[in-house]
Amino acid sequence: MTSLLTGLNPEQAEAVTLPYQSALILAGAGSGKTRVLTTRIAYLIQSGQASPNSLLAVTFTNKAAREMVARLGTLLPINTRGMWIGTFHGLCNRMLRAHYQEARLPQAFQIIDIGDQQSFIKRLMKALAIDEKAYPPRQIQWFINNAKEEGLRASQLEAHDTFSRKMGEFYHVYEERCMQEGIVDFAELLLRCYELLLQHEALRRHYCDRFRYILIDEFQDTNRLQYKWLKLLAGIGLSQHAAVFAVGDDDQSIYAFRGAHAGNMKEFERDFAVQKIIKLEQNYRSHGNILDAANALIDNNQGRLGKNLWTAEGSGELIRVYNAATDFEEAAFIVEEVKALQAEGVSLSEIALLYRSNAQSRVLEHSLFNASLSYRVYGGMRFFERLEIKHALAYLRLMVQPEDDISLLRIINFPTRGIGSRSLEQLQDDAKQLGMSLWVTALQKCGPGLEQAKVQKGVTGFVALIKSMQQACRDLPLPEIIRYVIAQSGLVAHYAAEREGAERLDNLNELINAAVSFVHESEDDSLISFLSHASLEGGELQADQHQKALQLMTVHAAKGLEFHSVFLSGLEEGLFPHENSRSEANGLEEERRLMYVATTRARRRLYLSFSQSRMLHGQTHYNVPSRFIQEIPDHLLKWLQPKHQSVSNADFSSGWRPTASQLSGVSNAFSSNPVSNASKQITWKIGRTVSHGTFGTGVITNCEGQGKDLRVQVRFNRAGTKWLLLEYANLTLL
DNA sequence: TTCCTTGTCGCCCGG
DNA sequence: CGACAAGGAA
């Protein structure tokens, strides 16, 4: 018993050993959250308070779930396989599979990802002759998912205008078609599971009796439906309810834009009669200066639950800030610094390059590639999203759930078997008339009937192919099924014949390997189970995982990770904080939390960089430095100079604002040399940040004229874009 | 049916 | 800029 608790600080130990009650653990970044969570589980089991069966632990990502299971395995000599540890979606899927009849789902219901959902919606819109211009599919998708995440069915929606009424009507048709085809989207997994528990009292009681202990990670990221699901499962309203151990950090809530409701923390306190809120504030990750910066930054947000990170270690290095002229130059700077770090002995895999949006990675990748630095970009195409894999999965899905039109359409003519658009249209028309799935329609046409002559050879062949696959695979083990299907479907032959199909062929073989490891790791090794796994796990590409490579990812993707050194690039207004956040309620605060997450990823060294000009969406943007840099106290920052810039030049200005450190270091160059008339042509150039008495700060976006007619166009942060005559405007360079 | 041109549109994330 | 969908020509 003592061994579990050794090394824990008093707050951590208190959390781990809490008696039977619901509790909220406010766990700051790097405060040992995962350790507390897993040790809590181990403690409950080891002390005999709970059996592995009576526990349920829920996370947001598969990665977090895997990590929890792995750590638990090292703490306790128990079989973690059958335990209910997983993501919200994974656990809901599990429950729905177990009670598919009560949930009114086919046994082999298939889970569609957002891509499938998108094409499904488009197809449905086409069939209903809905104008894609007036109702963008993206928006409809967003509408449906949002409604579901609020726990709302189409029948429960209120429409105040034609637009939302039309959306609601479409949602209704969408629901029906999903049922008909036996497909379930991500949000539906949760909603269906919620309704299952809500409508089947006996079932609810069964699970409430069973799960006496529920643990939730990243609680600030739960949406309204997930919270409602939790309340049902925990038995709120019943005579006795489960002890819920919720771990979260309101300062790291960065998913409000997709429905996360950090207010759930407050509601949790009330609904679960929480008596104990434990704050974990000691940080074991970063040096003091980094934490001070993060604390100062987040202090600008209102209505926080309140938390201040501290460390027992020293303050460490200052945060390095770099002002680049162009995004290209910013990338060059990063490359140089990475090389220097490498020379100091820091492993490439311990260095992260973070950015606000994926579009920013290209310039960086380009420079890294030219410098022959190996890097790995996260968040790209994932294994199960690759085209060839989706094709293979579509065949497999069709075998277990042939009424899945999405899958049928994907592969009915791939590889090509002479089913052109004509015959496909015919089939779809017939299906619509019969009100049946494409598969059933095709079956009828091929069956011992009258119209056989009319039926395309291709369709008959396709039906026969699928049927023979079903037959042949009946008793094969999972990996063999996949081997058989990718061969018989013609996929292997197709890619073997293709000029650049070698990699796709490799991936198809990799799918067999994935099935082999799935069989080893999972207790249910059926095809249906594997298909769920493929849908729920994006499947990070395993390759190069251990290879030493620089880590490139968005700030969102970096949550939960830590690195020796972190580069945070593109710190510009409009980019970070993102332009769109201005129009969203509390958008700026969410951006600030995102910045907080980014800074707290670094253990030892943190770089912040911004660029005066940047290529985005095919045009050059001129942005002012991010306000987030200003929100970090001066004394924590160290401004770096571009190497090529001469200090004696009047154009010199390493920062957009003189700082204490800057002035003390290079005071002669800056303070004794006010901008002279002679240098104006050089100084007032596009991209420079300027300040105006009434309009405030802005960026020069254009200029024209000469001498005293020299005019510049300035885009001000608040006052909009204006042309100003330099002679009168009294602009100051920052 | 395939291939190539043209046009449109774009944020961040996960299951 | 670049990914991707749609439409025309071979």
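Any value given below was found using the heavy atoms of this structure, including those in side chains, with hydrogens, waters and symmetry copies removed. In this text, all values refer to a predicted model and were calculated from it rather than measured experimentally. Throughout, protein chains are lettered first and strands after them, A, B, ... in sequence-line order, and every chain is numbered starting at 1.
Nearest nucleotide to the A/H556 side chain, out of C/dC1, B/dG15, B/dC13: B/dC13. In the set B/dC11, B/dG14, B/dG15, B/dG14 carries the atom at the smallest distance from any side-chain atom of A/R258.
Side-chain atoms of A/H578 stay outside donor-acceptor range of the base of B/dC12, with no qualifying N/O pair under 3.5 Å.
Evaluation of the side chain to side chain donor-acceptor pair (under 3.5 Å) rule for A/D249 yields A/Q252, A/K307 as partners, not counting sequence neighbours. Residues passing the salt bridge (charged side-chain N to carboxylate O under 4.0 Å, His left out) test with A/K33, sequence neighbours excluded: A/D217, A/E218. With sequence neighbours excluded, the residues that form a side-chain contact (heavy atoms from CB on, under 4.5 Å) with A/E521 are A/S517. With sequence neighbours excluded, the residues that form a side-chain contact (heavy atoms from CB on, under 4.5 Å) with A/A392 are A/I486, A/L491, A/L508, A/L511. Residues satisfying the side-chain contact (heavy atoms from CB on, under 4.5 Å) criterion with A/A57, sequence neighbours excluded, are A/I41, A/M68, A/I85, A/L215.
B/dC13 and C/dC4 have their P atoms separated by 16 Å, with the value rounded to a whole Å.
Residue A/R138 places no side-chain N or O under 4.0 Å from the OP1 or OP2 atom of B/dG10. When the side-chain nitrogen and oxygen atoms of A/T554 are compared with OP1 and OP2 of B/dC13, one or more of them lie within a distance under 4.0 Å. For B/dG15, one of the phosphate oxygens OP1 or OP2 lies less than 4.0 angstrom from a side-chain nitrogen or oxygen of A/N62. The side chain of A/T416 contributes an N or O atom lying less than 4.0 Å from OP1 or OP2 of B/dT2.
Rounded to an integer number of Å, the gap from A/I216 CD1 to B/dG14 P is 20 Å. The nearest whole Å value for the distance from the NE2 atom in A/H261 to the P atom in B/dC13 is 24 Å. Rounded to an integer number of Å, the gap from A/W142 CH2 to B/dC12 P is 17 Å. Across the protein-nucleic acid pair, A/R66 atom CZ and B/dG14 atom P stand 13 Å apart, rounded to whole Å. Atoms CD (A/Q118) and P (B/dC9) sit 14 Å apart, rounded to a whole Å. The interatomic distance linking A/K559 (NZ) with B/dC13 (C1') rounds to 10 Å, in whole Å. Taking atom CG on A/L568 and atom C1' on B/dC12, their separation rounds to 14 Å, with Å as the unit. Rounded to a whole Å, the CD atom of A/Q226 is 18 Å from the P atom of B/dC13.
Each of A/T87 and A/N580 was matched to the nucleotide of DNA chain B holding its nearest heavy atom; the match closer to the 5' end belongs to A/N580. Each of A/S357 and A/L536 lies near DNA chain B, and the nucleotide nearest A/S357 is the one positioned closer to the 5' end.
Using a 4.0 Å heavy-atom cutoff across all strands shown, A/E149 reaches at least one base atom of the nucleic acid. Using a 4.0 Å heavy-atom cutoff across all strands shown, A/N358 reaches sugar-phosphate atoms only and no base atom. Residue A/F257 is classed as a base contact, given a heavy-atom separation below 4.0 Å to a base. At the heavy-atom level, A/I114 lies under 4.0 Å from base atoms of the strands shown.
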Set out, line by line, the N/O atom pairs under 3.5 Å between protein and nucleotides 2-10 of chain C.
{"unit_1": "C/dG2", "atom_1": "OP1", "unit_2": "A/R362", "atom_2": "NH1", "d": "2.8"}

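Classification of A/E188 and A/K148 as a salt-bridged pair holds, one side-chain N sitting under 4.0 Å from a carboxylate O.
Side chain to side chain, A/D524 and A/S526 meet the donor-acceptor criterion of an N or O pair below 3.5 Å. Side-chain polar atoms of A/S611 and A/E330 form no donor-acceptor pair below 3.5 angstrom.
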